[in-house]
Amino acid sequence: MKKTFLLMAITTAGISFAQNKIKYPETKKGETVDVYFDTKVSDPYRWLEDDKSAETGAWVKAENEVTYGYLNQIPFREELKKRMEKLWNYEKIGAPYKEGKFTYYSKNNGLQNQSVVYRKDQNGKEEVFLDPNTFSKDGTTSLGGLDFSKDGSKAAYSISEGGSDWRKVIIIDAISKKVLEDTLVDVKFSGISWHGNEGFYYSSYEKPKGSELSAKTDQHKLYFHKLGTAQKDDKVIFGADQKRRYIGGGVTEDDRYLIITAANSTYGNELYIKDLTKPNSPIVTIVDNFNAENSIIENEGSKLFIHTDYNAPNGRVVTVDAANPKVENWKDFIKETENVLSPTTGAGYFFANYTKDAVSFVLQYDYNGKLVREIKLPAVGSAGGFGGKKSEKILYYSFTNYTTPGSIYSFEPKSGKSEVYQKPKVDFKSEDYESKQVFYTSKDGTKVPMIITYKKGTKLDGKNPTILYGYGGFNVSLTPSFSIANAVWMENGGVYAVANLRGGGEYGKKWHDAGTKLQKQNVFDDFIAAAEYLIAQKYTSSDYLAIRGGSNGGLLVGATMTQRPDLMKVALPAVGVMDMLRYNAFTAGAGWAFDYGTAQDNKEMFEYLKGYSPVHNVKKGTKYPATMVTTGDHDDRVVPAHSFKFASELQEKQAGENPVLIRIDVKAGHGAGKSVAASIQENVDIQAFTLYNMGFKALPKK
């Protein structure tokens with residue numbers, strides 16, 4: 001690629017199809033008005049919340065016709081797709097794991113819509129075990145989870161149809177692969193955890209009245225399914241009397257204990273334990289409040305190992321005896337440090353995976369809490385894995401960063417020997433690119449890290465097309481990872497920047513709390529400051545800057561573009577939480593209140609939420625950036641009505657010539673399980689829209 005060609009391509013920024021007035025579908029306005037603490041708030045697009053109505057369906061179709069009409073006339077869209085497909089087309093193999101007499105692993109030949117589960121017997125003979133590509137003709141039904149009974153003779157796997165969080169569970173004989181009994185239905189936010197070979201624990205809600213894709217679900221229950229019995233006879237283990245929004249159950253590796261977690265929000269959980277070796281044993285409370293995150297990660301007989309951030313914002317591991325597991329009896333096993341801890345176990349060891357300034361380092365401990373070694377990672381980036389059964393001799397971990405495709409390494413815990421197990425062959429020259437971590441200053445003086453990745457030799461002249469990505473919520477850490485889509489972006493001269501905003505988990509609970517409720521504006525200020533840094537340092541300028549984020553990150557983009565529409569050329573909010581006054585009325589949205597608060601809490605919280613809610617802050621007569629909202633019609637995590645209403649407000653009130661489009665994937669959800677074909681097309685459309693609105697007429701020549 002010649003950078004000079006790129007500069008020629010973008011000197012005409014702003015001259016595009018965007019200048020031809022787009023005729024948007026007419027979106028009718030209703031007269032719905034809500035009252036919050038004596039304040040009237042109109043909601044003219046409330047009717048778009050009805051995902052079952054013919055009117056909403058017609059609106060979706062009409063909006064997609066406009067959007068694809070626009071995208072179809074971008075001259076380099078097909079060329080971009082060809083390059084994306086070529087780069088995406090490499091074999092991907094998952095880490096192997098043993099169940100019974102077989103070794104299982106996933107594999108994708110490159111462009112298969114869903115990865116296939118293979119297995120090898122003890123003689124090394126390979127066969128297909130499960131092929132999710134056969135679940136549906138169009139690749140929209142995906143494998144949600146696969147779990148085996150203790151001896152590996154039986155398996156249960158869940159499937160998601162159209163990207164929905166509602167799952168079906170199919171139970172099979174793992175040896176013959178034959179279905180054993182009727183499919184379980186209406187399972188949601190659930191793992192599958194076997195007790196021996198007799199059955200398994202799973203979680204779900206009662207099917208809601210009205211639309212299963214948008215109606216509120218807030219009482220989760222833990223069930224036990226005994227093989228050979230009907231689902232209607234499954235016993236409720238927990239949640240019938242204790243109303244909780246999220247309940248999970250898992251059996252320890254030795255089959256001795258059932259561990260139960262219960263929560264009402266996305267942060268903080270109760271913790272319970274039940275001795276499965278004693279008939280009719282009681283459920284014993286370990287933690288009876290929601291003030292900390294707690295999980296049992298291992299047991300050695302009755303000795304429990306608990307990962308917690310109680311009195312340890314960055315996390316620690318404690319031990320306690322199951323006979324008297326109350327918090328006051330906890331003893332430190334791996335103490336809290338200045339870095340955030342995420343521990344795993346396998347092969348008779350503990351692995352303390354720490355995040356330091358958003359990148360990984362890993363320490364190995366024995367069961368006495370003695371440090372064995374620091375594990376040497378291939379480079380600076382993100383490592384994950386190091387988990388497995390106690391009996392394993394070899395473990396596996398993955399490593400990636402923004403310029404290195406994800407590779408899998410085998411690791412021998414006794415010797416510390418590590419070697420490449422699977423390194424993908426990607427048509428991308430990683431050595432031609434570099435990542436630089438910077439620390440910029442936010443509005444209130446807080447130092448915030450950001451990693452900026454680009455082609456070596458990139459001239460900092462303010463004219464580089466740049467995507468700034470962020471999330472900033474729910475204790476989620478954005479650590480370096482490779483993306484084919486980002487690789488294509490950088491090949492075309494683009495800069496990719498990721499800011500580690502407050503609200504995330506990069507620096508533990510304090511960092512998370514600093515971006516929640518009445519501190520949420522800190523997140524937007526951090527993102528705005530990141531954009532201003534990129535502009536000040538001449539990586540880009542407002543004419544060549546796009547901001548992007550999904551889910552809570554979609555809210556981030558929506559709030560930032562309504563607060564500072566002058567700052568960026570393109571805005572790309574995906575599956576975003578856009579109506580902050582009503583998010584808690586849909587599906588499991590009420591569980592997000594720890595991060596957001598709700599409009600019903602008190603007048604101060606209502607006014608704060610209304611003050612940044614994207615749907616409520618689109619102002620008539622304002623010139624907003626070129627915007628493409630993306631969502632899925634089966635998204636039952638963040639219902640698409642959020643995006644529908646936000647796009648409608650923007651289309652009505654946009655003052656400038658910049659286009660405002662909404663791209664609605666049909667038979668797609670919040671993102672998990674999306675087919676490869678759909679993922680490629682979405683990324684192509686996002687990049688084509690972005691570059692076109694920055695003035696590109698063609699892709700750079702190689």
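Keep in mind that what you see is a predicted model, and the values were worked out from it rather than measured.
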Intermediate values then yes/no, salt bridge (Lys or Arg N to Asp or Glu O under 4.0 Å), Lys188 and Asp165:
CA-CA 6 Å; Lys188 188 172 184 179; Asp165 283 331; 5.0 Å; no
Under the side chain to side chain donor-acceptor pair (under 3.5 Å) rule, collect the residues that match up with Gln112, sequence neighbours excluded.
none
For the pair Lys623 and Asp566, find out whether any cationic side-chain nitrogen is under 4.0 Å from an anionic carboxylate oxygen.
no
Please examine the side chains of Phe524 and Leu556, heavy atoms only from C-beta on, and report whether any two atoms are closer than 4.5 Å.
yes
Kindly write out the residues that satisfy side-chain contact (heavy atoms from CB on, under 4.5 Å) with Ser398, not counting sequence neighbours, or none if the list is empty.
none
For Lys619, side-chain contact (heavy atoms from CB on, under 4.5 Å) partners two or more places apart:
Asn617, Thr622, Tyr624
Judged by atom type as modelled, is there a donor-acceptor pair below 3.5 Å linking the side chain of Ser164 to the main-chain atoms of Glu161?
no
Reported CD-to-CG distance for the pair Glu532 and Asp525, which is rounded to 0.5 angstrom:
9.5 Å
Taking the six-membered ring for Trp, are Tyr70 and Phe689 parallel (under 30°), tilted (30 to 60°) or perpendicular (over 60°)?
tilted
Under the side-chain contact (heavy atoms from CB on, under 4.5 Å) test, residues paired with Gln422 that sit two or more places apart
Ile93, Ile408, Pro424
Which is it for Trp489 and Tyr496 under the ring pair (Phe, Tyr, Trp, His ring centres under 6.0 Å) test, yes or no, and what are the steps along the way?
CA-CA 8 Å; Trp489 175 258; Tyr496 184 69; 8.5 Å; no
Please determine whether a side-chain nitrogen of the Lys or Arg among Glu491 and Lys429 lies less than 4.0 Å from a carboxylate oxygen of the Asp or Glu.
no
Are there more than 12 heavy atoms of other residues, nucleotides or ligands under 6.0 Å from atom CD of Glu26?
no
A cation-pi test, strictly: NZ or CZ of Lys92 under 6.0 Å from the centre of the six-membered ring of Tyr90 and no more than 45 degrees from its axis. Yes or no?
yes
Met694 and Lys463, any side-chain heavy atoms less than 4.5 Å apart
no
Under 3.5 Å, is there a donor on one side chain and an acceptor on the other for Asn109 and Glu91?
no
For the side chain of Asn64 and the backbone of Ile664, is there at least one donor-acceptor N/O pair under 3.5 Å apart?
yes
side-chain contact (heavy atoms from CB on, under 4.5 Å) partners of Ala487, counting only residues at least two apart:
Leu87, Phe428, Phe482
Looking at Glu649 and Lys653, does any basic side-chain N land under 4.0 Å from a carboxylate oxygen?
yes
Sorted by chain and number, sequence neighbours left out, ring pair (Phe, Tyr, Trp, His ring centres under 6.0 Å) with Tyr471 holds for none
Please work out whether the ring planes of Tyr454 and Tyr539 are parallel, tilted or perpendicular, with thresholds of 30° and 60°.
tilted
Got a sec: does the NZ of Lys425 have more than 12 other heavy atoms crowding it under 6.0 Å?
no
